[in-house]
Amino acid sequence: MKELIKKLTEISSPSGREDAIREAIIEEIKNHVDGYRVDALGNLIAWKKGNSGKKLLFDAHMDEIGVVVTHIDDNGFLRVEMIGGVSPYILLGSRIRFETGVIGVVGVEGETGKEYSENIKNLAFDVLYVDIGVTSKEEAEKKAPIGTFGTYDATFLDHGKRLVSKAMDDRIACAILVQVAKELKDPKDDVYFVFSVQEEVGLVGASVAAFDIKPDMAIAVDITGGPDTPKAFKRMGFKLGGGPAIKIKDKASISSSQVVEKLTEVAKKHAIPYQYEILIFGGTNARGYQLTGAGIVAGTVSVPTRYVHTPHEMVDYDDVLNTVKLLKKLVEEGVA
């Protein structure tokens with residue numbers, strides 16, 4: 001799977017501009033499903049037919065966090081605004097790849113040592129700029145006009161057991177769903193693979209993706225902050241390498257007990273390592289499905305991840321493979 005993960009994570013497709021990643025996923029999945037379509041918002045929905053009469057939906061959001069150009073000064077320096085949860089502290093000093101192909105470096109203002117120190121201490125987008133290596137506003141407008149979207153410019157690193165890249169949130173889940181679709185031969189239930197848009201700006205795609213499907217169960221597949229680094233959040237106990245995390249709750253939703261119990265049952269039956277996740281912040285597309293139509297039984301399976309929303313998100317490869325196995329066994333056994 002590593003080549004697949006590398007391919008999907010290195011594509012630049014922020015929220016609202018998911019065309020490139022959607023086309024890449026279609027290319028990977030089209031010969032392994034019974035059909036697919038793209039809805040009005042841009043969600044990619046693929047399916048494989050079973051024979052139980054039940055419907056199971058897996059969701060992975062395609063988008064990633066990013067920035068958009070808001071202003072260009074006379075010397076060609078860009079000002080940007082966040083798309084999703086981008087920290088100015090992570091952004092400073094990083095490289096940004098814009099959808100036009102130009103790459104810029106993020107710097108911070110400061111006319112005096114005192115002002116520079118104050119700006120670093122109270123860092124905000126108001127004092128950040130992006131240098132794309134031009135000398136005039138006119139030149140910058142040709143390369144990255146106002147409204148141009150961009151993402152971190154970072155490459156995939158394979159450390160063997162640990163994998164590092166931008167956009168593991170949530171391309172690692174996209175890769176997992178693609179792999180499940182490729183390996184799945186005899187699903188008991190109809191299974192729908194939803195590659196959704198604009199999760200990072202408010203669970204937008206998931207809120208509409210299942211209206212016509214009306215699944216019996218929906219499972220968001222996402223990442224979760226790995227609290228296993230020095231002095232990390234001590235109220236959370238899951239870790240990289242401990243297996244897929246079955247979410248109990250986060251700030252946005254409480255997983256259906258039906259989902260938690262079914263995933264736990266499948267994991268135990270097939271000796272798949274797993275752990276429970278109680279996240280003290282954040283949320284996933286599970287909330288979007290819970291609020292769809294008359295309501296859908298929903299929950300989340302998470303891949304523990306370090307350095308979330310940075311250019312260098314880290315996952316454990318065994319966790320990835322075990323998540324594939326867990327979801328595949330769930331579909332083969334069915335939700336009932």
Side-chain angles (χ1 to χ4, degrees), residues 25-26 28-62 173-174 176-197 199 203 205-222 244 246-248 253-272 274 284-302 322-336:
I25 293 172
I26 289 173
E28 289 288 338
I29 206 172
K30 64 182 181 182
N31 295 325
H32 302 279
V33 294
D34 294 328
Y36 69 88
R37 63 182 176 84
V38 178
D39 70 15
L41 275 184
N43 295 312
L44 169 61
I45 302 171
W47 56 88
K48 277 191 157 183
K49 303 299 288 184
N51 52 35
S52 70
K54 297 284 187 178
K55 299 177 182 179
L56 173 62
L57 183 151
F58 293 139
D59 171 280
H61 67 88
M62 295 185 289
C174 293
I176 286 167
L177 295 198
V178 169
Q179 192 66 25
V180 171
K182 288 180 176 181
E183 294 184 13
L184 192 60
K185 303 302 181 186
D186 188 26
K188 181 177 180 180
D189 302 329
D190 293 350
V191 57
Y192 291 83
F193 303 92
V194 176
F195 301 90
S196 55
V197 299
E199 188 268 358
L203 317 182
S207 299
V208 304
F211 263 94
D212 56 341
I213 300 170
K214 297 183 177 64
D216 295 280
M217 180 181 291
I219 296 176
V221 186
D222 210 323
I246 301 170
K247 188 186 292 285
I248 305 297
S253 68
I254 298 173
S255 296
S256 165
S257 59
Q258 182 180 338
V259 175
V260 174
E261 290 166 6
K262 185 63 181 180
L263 288 168
T264 302
E265 173 191 321
V266 172
K268 287 181 176 179
K269 180 177 180 180
H270 297 281
I272 301 168
Y274 71 95
T284 75
N285 272 341
R287 177 180 174 85
Y289 290 107
Q290 287 175 331
L291 297 177
T292 295
I296 295 170
V297 171
T300 301
V301 173
S302 302
N322 281 318
T323 304
V324 172
K325 186 183 297 184
L326 177 62
L327 299 182
K328 183 181 171 186
K329 291 299 183 183
L330 174 62
V331 179
E332 290 172 350
E333 293 193 8
V335 300

Tell me if a side-chain donor or acceptor on [X] pairs with a main-chain N or O of [Y] at a distance below 3.5 Å.
{"X": "S256", "Y": "V297", "answer": "no"}
{"X": "D190", "Y": "G50", "answer": "yes"}
{"X": "K48", "Y": "A181", "answer": "yes"}
{"X": "N43", "Y": "V197", "answer": "yes"}
{"X": "E28", "Y": "K182", "answer": "no"}
{"X": "K262", "Y": "G334", "answer": "yes"}
{"X": "S255", "Y": "K247", "answer": "yes"}

Where [X] and [Y] come nearest, the two heavy atoms and their spacing:
{"X": "P187", "Y": "K49", "result": "CG-O, 3.5 Å"}
{"X": "A206", "Y": "T292", "result": "O-OG1, 3.6 Å"}
{"X": "T300", "Y": "A286", "result": "OG1-CB, 3.4 Å"}

I'd like to check [X] versus [Y] (side-chain heavy atoms, cut-off strictly below 4.5 Å). Are they in contact?
{"X": "M217", "Y": "Y289", "result": "no"}
{"X": "K269", "Y": "E333", "result": "yes"}
{"X": "I25", "Y": "F193", "result": "no"}
{"X": "Y274", "Y": "V301", "result": "no"}
{"X": "I213", "Y": "W47", "result": "no"}
{"X": "L330", "Y": "F58", "result": "yes"}
{"X": "D189", "Y": "D216", "result": "no"}

- Task: Say whether D59 and S196, considering side chains only, have a donor N or O and an acceptor N or O under 3.5 Å apart.
- Result: yes
- Message: Under a plain distance cut-off of 3.5 Å, with no hydrogens placed, do H270 and E332 share a side-chain donor-acceptor pair?
- Response: no
- Note on the structure: Partner of L184 under side-chain contact (heavy atoms from CB on, under 4.5 Å), picked from V324, L327, V33, V191, is V191
- Message: Counting only heavy atoms from other residues, nucleotides and ligands, does the tally under 6.0 Å from CD1 of I248 exceed 12?
- Response: yes
- Message: Measuring from atom CD1 of I219 to atom CG of N285, what distance do you get when rounded to the nearest 0.5 angstrom?
- Response: 13.5 Å
- Item | Atom pair CD1/OG1 of I246 and T264 - distance to nearest 0.5 Å | 4.0 Å
